[in-house]
Each structure stands twice: as structure tokens, then as C-alpha cells.
Amino acid sequence: MSVWRYALRIGVVLSCLSGAGLGAAVPARAAAGFATELSGLPDEFTAGDRVETLSAVVSRSDGGGCVKVRWSMLLGVQGLRLDQVKIDRVEESGSFPLEIRAEGDVARLTDRELDPGTLCPGRTVTARYRVAFADDVVRGRVSFAAEAYDEDLRLLARQTATRQVVGEKAEATPSAATPEPSESSAEPTAPATAPSDAAEATPSDEAVVELPPPGAAGRPVAQAGGFGVVQAAFLLGGLLLFLGAGLLVRLRHLLRPVKGAGDDPGLAFERPGPRQRWR
């Protein structure tokens, strides 16, 4: 029974350590005294080679000390795919390294390093993102959620925004449906769009996606990679589980009774020798 009791204790310790690692990766709520704003957003995005630069600014008003900031951008799409979006985190020195995780229509872009700036009362820290969309996008919606974290992955502040994405082919679709004028009506000032344009407005799943040039917007959002906090927690849990299993096997081996020992509780060299009588 003692072997199973030790095994139960080891399992409880491993579960607590794994849960602590996962809990540290996702903070619960935003801290008080911090605020984040999104600026530079257009009224609507235009698909193609047009690049928009949006900024996320975090400030502190509680009078506390200075902290370092790590930015994370949550990106969601509707009516288009993630691989039709290109977004890049930029600083004055150039492109900033990101860890990208994509699942379904949502992607999270987290800074691999802390922001070069320092957040203090009366000072702000800004993150800039360059965003562009593939030229085969017809119409859709994109949402942004800028989140600022401190060094301990504590959520400081969060701000969201949603915008429409319109392509050139979406603008050509209504004109293609305009009926032809009759002979008695006046001649139109502009010729109607050819039916072939309407056929091109319908995207095909088999078509090759032509993204903007690499220097224009950055990297595809759907490209996920990197080694994050969650993977490290699972790796630590697996390592501890392996060590616990080895300890359990060793403990069971030590508690196994020695065969052939009989009723003699001690070994030969442990038994006392015969007493000698004094002469």
C-alpha cells in the first residue's frame, strides 16, 4: 500500500506543476491603471498592394513604477482566409520578431522579445503593425485586439477594433448586374461592365493566392511557428512524469522482499559471534 501512496503523491505534484505552467501562459484579467489605444486604422481596408500602418499605444496613470512591455495582437477574419492577410510588427530598426499561432479564423501574434521602450507614468510605449491584404479578396471583415503584457505575462490593457475589407473585384460586381438599356432609353454615359468581370469576381479555392510583395507588408499570418510558454509547460510536465515513473520503479524495487532470506532477519556478517569465557 505504501508504494501506491507514494505514486499518488507523485501524480498530485506533477499535476500541480503542469497546471501552474499552463496558468502562467494565459493571464486572467487586465490590470488597473493601464489603458491601450489603437490608432491609424482606416475607415475600411482596401485589398491589393495598399499597406496600412496601425499603432497600439499603452499608457499608465496609477503613479506606479516603470515596467517593460510585451505586445500581443489577436487577429480575426470573416469572409476571407488568414493566408490572405499579411501583417508585420515593425520598429525603427526594422521588422520585430513574432511568434505566430493560428487556429481556424483567429491568429495570435506575440512579440518574442520585450518592447525596446519602457512604460512609466507620463510616458507611453507604442507598437506598430503594417497590414495588407491579397488582391483576390472580394469582401470581408477583420478584427484586431491589441494586448499589452508585462514581463511576468500579466495583462496590462486591451483594445479592440473591427474594419471592413473591400477588394477591387467587389466594387465591379454591382456594375456587372446593371441591366442593359433599351433602344428607346438614352445612351448611358459610361459603358456597362463586361460579364467576364463578374465571373472573375467569384474566388476559386483552386486559384493561386497572389500576396503583396514581401517588402510591402511582412509575413503571412497563417504561418505559425516558434516555441512558446505552453510547449515549455508540456515539456516540463513530461520530464517530471518520466522522473516520477523512474522513482516509482526504484522504490518498488527497494521494497521487494529478498528471496532465500528465511527466518534470519540479518545477513551473515551482521550476526554476533560466539561469546568467549574469561579465564
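All values reported here derive from a predicted model rather than from experimental measurement.
- Counting only N and O atoms by type, the side chains of R108 and S72 include a donor and acceptor under 3.5 Å apart.
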Run the side chain to side chain contact (heavy atoms under 4.5 Å, CB included) test on R141 and T162 for me, step by step, so that the C-alpha distance in whole Å, both residues' side-chain angles and the decisive distance to 0.1 Å come before the verdict. CA-CA 7 Å; R141 293 171 63 89; T162 303; 3.1 Å; yes
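- Distance CG/L74 to CZ/R101: 13.0 Å, rounded to 0.5 Å.
- Residues R130 and I87 have side chains not in contact (no heavy-atom distance under 4.5 Å, counting atoms from C-beta outward).
- Side chain of R158 to backbone of E147: no donor-acceptor contact under 3.5 angstrom is found.
- Residue A134 comes nearest to A47 through the heavy atom pair O-CB, 3.2 Å, listed as atom of the first residue, atom of the second, then distance.
- Taken to the nearest 0.5 Å, the CG atom of L155 stands 8.0 Å off from the OG1 atom of T36.
- Contact check for L80 versus V85: side-chain heavy atoms found under the 4.5 Å cut-off.
- Inspection of the Q78 and D105 side chains reveals no N or O donor paired with an N or O acceptor under 3.5 Å.
- Across all their heavy atoms, F96 and E113 have their closest contact at CE2-O, 3.6 Å.
- Residues W71 and T126 come closest through the heavy atom pair NE1-C, 4.3 Å.
- Using a 4.5 Å cut-off on side-chain heavy atoms (C-beta onward), L54 and F144 make contact.
- Both the sub-6.0 Å distance and the 45° axial angle are not jointly satisfied by R163 relative to the ring of F45.
- Between L82 and G104, the shortest heavy-atom contact is CD1-O, 3.4 Å.
- With a 4.5 Å cut-off on side-chain heavy atoms, V58 and T124 do not count as touching.
- Side-chain contact between K86 and F133 is absent, with no heavy-atom pair separated by less than 4.5 Å.
- The two residues G48 and A132 have their closest heavy-atom pair at O-CB, 4.5 Å.
- Evaluated for a side-chain contact (heavy atoms from CB on, under 4.5 Å) with D115, the options R70, K68, E91 yield exactly one hit, E91.
- In this structure, OG1 on T46 lies 11.5 Å from CD on Q164, to the nearest 0.5 angstrom.
- Counting non-hydrogen atoms of neighbouring residues, nucleotides and ligands closer than 6.0 angstrom, the CD atom of E52 exceeds 12 such neighbours.
- Shown here are the side-chain contact (heavy atoms from CB on, under 4.5 Å) partners of A35, two or more places apart in sequence or in another chain: S59.
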Residue pair L75, V106: steps toward the side chain to side chain contact (heavy atoms under 4.5 Å, CB included) verdict: CA-CA 6 Å; L75 177 70; V106 179; over 6 Å; no
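- Atom-to-atom distance recorded for R154:CZ and Y149:OH is 12.0 Å, nearest 0.5 angstrom.
- Side-chain contact between S95 and R89 is absent, with no heavy atoms from C-beta onward closer than 4.5 Å.
- The CG atom of L38 lies 9.0 Å from the OG atom of S55; values are rounded to the nearest 0.5 Å.
- Between V69 and L114, the closest side-chain pair of non-hydrogen atoms is not below 4.5 Å.
- Side-chain contact between T110 and L98 is absent, with no heavy atoms from C-beta onward closer than 4.5 Å.
- Under a hydrophobic clustering in which Ile, Leu, Val, Met, Phe, Trp and Tyr are joined whenever their side-chain heavy atoms come within less than 4.5 Å, directly or via other members, V67 and V57 fall into different clusters.
- Here the closest non-hydrogen pair linking D62 and A32 is OD2-O, 3.9 Å.
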Could you walk me through whether D83 and R81 pass salt bridge (charged side-chain N to carboxylate O under 4.0 Å, His left out), step by step? CA-CA 5 Å; D83 59 2; R81 303 185 308 273; 3.0 Å; yes
